[in-house]
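Only heavy atoms go into these numbers, but all of them, side chains included; no hydrogens, no water, no symmetry mates.
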Amino acid sequence: MTANVSKDHHYVPRGYLKRWATGSDGKLVAFFHHARGLDWDRKTPAQTGYRPHLYTATLNPEFGDALEREFLSKVDDAASKLMDLFTSGDVVPPLDATQMNDWSRYLMTLMHRSPARMAGLHEQLAETLKTVNPEITPELEADYATWKQPGDPANLADYFASARPRDVDLGTKKLLAILSNSLPIGTHINRMTKKVFNLKGLKHELLTSDQPLIVSGGLGHTNAFLMMALSPHRLFVATNTIERMSTLADAIPSGLLTKENNASVCQNAERFVYGSNASQASFVRKYFRPR
C-alpha cells in the first residue's frame, strides 16, 4: 500500500456532524453501547463515525484509497456547502442542476457507505463470483504459461482462484461508486418535492446517527419519503407528492415529526447516535439497541 493512502475514512461525514458540535469545545455528544449498557462521550466530528481504511482496496495497492480520495471526499465537500446553504436562512433558494445532482448523489452514498453495508456488498459480491467458472481451454492454459511470472500459480485455474479475493476487494469499492451514481434513483430523487423545515422552538432537538438518512418504503411508492436531520433544528424532507409533504408538515407543531426522525435514527443506528447534548439520553436508551 502506498504511503500517502488516507487512513481514517468517515462513513458519517465530518461536514455533516459539525452541525451538532454547537458547544464552545467544538464537540457533540456521541451515544454508544458497551458491556455496561448505553454511555456517551463528547467528541469532535473528526473523532467519531470513521473506520480505518474502510474504503481502501487493500489488496489492490494501485487503486488504494481512490474511492475515498477521488469520489467520496468530493461528494462530501459539495454536500457540506449545500448544507451550509440549507441551514443559513429561513428560505432555501432553488438549486441548479449541478447542485441537485450533488445532493442526490450524497444521499445515495449515505444509503450504502456504512461499515455494515460495505460488509454486505463484499459478501454479496464474493458469493456471486463463486459461481463464475470460466472455461479453461488448452489454448488459454498455453497462453498463461507464456506470461506467468515466478511465484505465480502453476495453472490458470489456480490463478483465477487466487485472483478472486482481489477482485472482490476492488469490486466492492467500485460497486459503492456505481450504486451512488445510480441514474434511475438519482433522477427520481431530483424530481421529488423537497423542503427544509426549521424546527427551532420545539421541545426537543433533532438527533442523528451513523445512519442519518431515513427512507420510508420504496421510493416508487406514492407515500414514500426521504428525511434527514441537517442540524439540531433543520430537517430535510423529500416526498413524491405535495399532499404527502403537507401531511408531514402538519406533524411538526406537535413534535411528532421530530419524534419520528429521532426514533428512526436510533433504531437504524449501527454504532453511534448523536446529539448536541445528552438531554435526550432516556429517549436514546429506549430506541437505540446494540447490534
Side-chain angles (χ1 to χ4, degrees), residues 1-2 5-17 48-79 101-134 160-189 208-220 224 226-228 264-265 267-273 289-291:
M1 191 181 300
T2 56
V5 169
S6 60
K7 178 183 177 183
D8 296 337
H9 295 168
H10 283 78
Y11 52 95
V12 190
R14 286 167 289 182
Y16 173 72
L17 282 183
T48 185
Y50 70 88
R51 179 169 290 184
H53 298 301
L54 178 61
Y55 307 120
T56 302
T58 55
L59 301 181
N60 295 268
E62 70 283 358
F63 186 85
D65 70 339
L67 176 64
E68 168 71 11
R69 180 169 31 85
E70 299 295 334
F71 180 64
L72 289 173
S73 64
K74 295 178 180 179
V75 171
D76 293 348
D77 287 346
N101 287 336
D102 287 344
W103 184 242
S104 295
R105 186 176 294 110
Y106 179 69
L107 297 181
M108 288 189 288
T109 71
L110 294 177
M111 296 177 184
H112 302 292
R113 69 192 291 176
S114 73
R117 178 59 173 154
M118 290 296 291
L121 292 176
H122 186 280
E123 182 178 349
Q124 292 170 22
L125 188 56
E127 288 298 314
T128 298
L129 288 183
K130 283 181 182 179
T131 66
V132 177
N133 295 300
F160 283 133
S162 67
R164 196 157 287 159
R166 296 196 302 273
D167 293 341
V168 173
D169 173 59
L170 181 57
T172 301
K173 305 329 184 270
K174 290 188 174 182
L175 186 56
L176 173 59
I178 291 169
L179 292 171
S180 301
N181 275 305
S182 169
L183 182 59
I185 295 177
T187 301
H188 185 94
I189 294 174
T208 190
S209 75
D210 53 17
Q211 288 285 294
L213 179 63
I214 299 165
V215 183
S216 175
L219 287 181
L226 298 173
M227 185 163 69
M228 186 169 74
S264 294
V265 296
Q267 290 167 341
N268 295 339
E270 291 184 11
R271 290 191 62 199
F272 299 106
V273 171
R289 302 297 183 187
R291 293 197 179 190

Kindly indicate whether the side chain of [X], heavy atoms from C-beta on, has any atom under 4.5 Å from the side chain of [Y].
| X | Y | answer |
| --- | --- | --- |
| Val75 | Ser180 | no |
| Phe272 | Val12 | no |
| Leu17 | Thr208 | yes |
| Asp76 | His10 | no |
| Met108 | Asn181 | no |
| Leu179 | Leu175 | yes |
| Ser216 | Met227 | no |
| Tyr11 | Arg117 | no |

Quick one: closest heavy-atom pair of [X] and [Y], and the distance?
| X | Y | value |
| --- | --- | --- |
| Leu54 | Pro115 | CD1-CA, 4.0 Å |
| Met111 | Ile189 | CE-CD1, 4.2 Å |
| His188 | Gly220 | CE1-CA, 4.3 Å |
| Ile214 | Ser264 | CD1-CB, 3.5 Å |
| Ser209 | Val265 | OG-O, 2.9 Å |
| Ser104 | Gly186 | OG-O, 3.9 Å |

What is the distance from atom [atom1] of [X] to atom [atom2] of [Y], rounded to the nearest 0.5 Å?
| X | Y | atom1 | atom2 | value |
| --- | --- | --- | --- | --- |
| Asn268 | Leu213 | CG | CG | 9.5 Å |
| Leu107 | Ile185 | CG | CD1 | 11.5 Å |
| Asp169 | Asn60 | CG | CG | 5.0 Å |

query = Are there more than 12 heavy atoms of other residues, nucleotides or ligands under 6.0 Å from atom CD of Gln267?
reply =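 Counting neighbours around CD of Gln267, more than 12 heavy atoms of other residues, nucleotides or ligands fall under 6.0 Å, so yes.
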
task = Decide if atom CZ of Arg271 counts as having more than 12 heavy atoms of other residues, nucleotides or ligands within a radius under 6.0 Å.
result =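 No - once you tally the heavy atoms of other residues, nucleotides and ligands closer than 6.0 Å, there are 12 at most.
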
inquiry  = Using the rule given for salt bridge (charged side-chain N to carboxylate O under 4.0 Å, His left out), can you reason through Arg105 versus Asp102, listing the C-alpha separation, both sets of side-chain angles and the distance that settles it, and then say yes or no?
reply    = CA-CA 5 Å; Arg105 186 176 294 110; Asp102 287 344; 3.6 Å; yes

Okay, side chain of [X], backbone of [Y]: is any donor-acceptor separation there less than 3.5 Å?
| X | Y | value |
| --- | --- | --- |
| Asp65 | Lys7 | no |
| Thr56 | Thr58 | no |
| Tyr55 | Arg113 | yes |
| Arg14 | Gly49 | no |
| Glu270 | Ser114 | no |

query = In terms of the angle between their ring planes, are His9 and His53 parallel, tilted or perpendicular, with boundaries placed at 30° and 60°?
reply =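 His9 and His53: perpendicular rings.
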
query = Salt-bridged, Asp77 to Lys74, with N to O below 4.0 Å?
reply =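 No.
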
ask   = Is any side-chain N of the basic residue among Asp210 and Arg51 closer than 4.0 Å to the acidic one's carboxylate O?
value =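 Salt bridge: no.
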
request  = With sequence neighbours excluded, tell me which residues meet ring pair (Phe, Tyr, Trp, His ring centres under 6.0 Å) with Tyr106.
outcome  =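 Once residues adjacent in sequence are excluded, the partners of Tyr106 under the ring pair (Phe, Tyr, Trp, His ring centres under 6.0 Å) criterion are Trp103.
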
task = Using the test side chain to side chain contact (heavy atoms under 4.5 Å, CB included), find all partners of Lys174 that sit at least two apart in sequence or belong to another chain.
result =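 So Lys174 forms a side chain to side chain contact (heavy atoms under 4.5 Å, CB included) with Phe63, Leu170.
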
task = Let me see the working for Leu176 and Thr172 under side chain to side chain contact (heavy atoms under 4.5 Å, CB included), right down to the final yes or no.
result = CA-CA 6 Å; Leu176 173 59; Thr172 301; over 6 Å; no

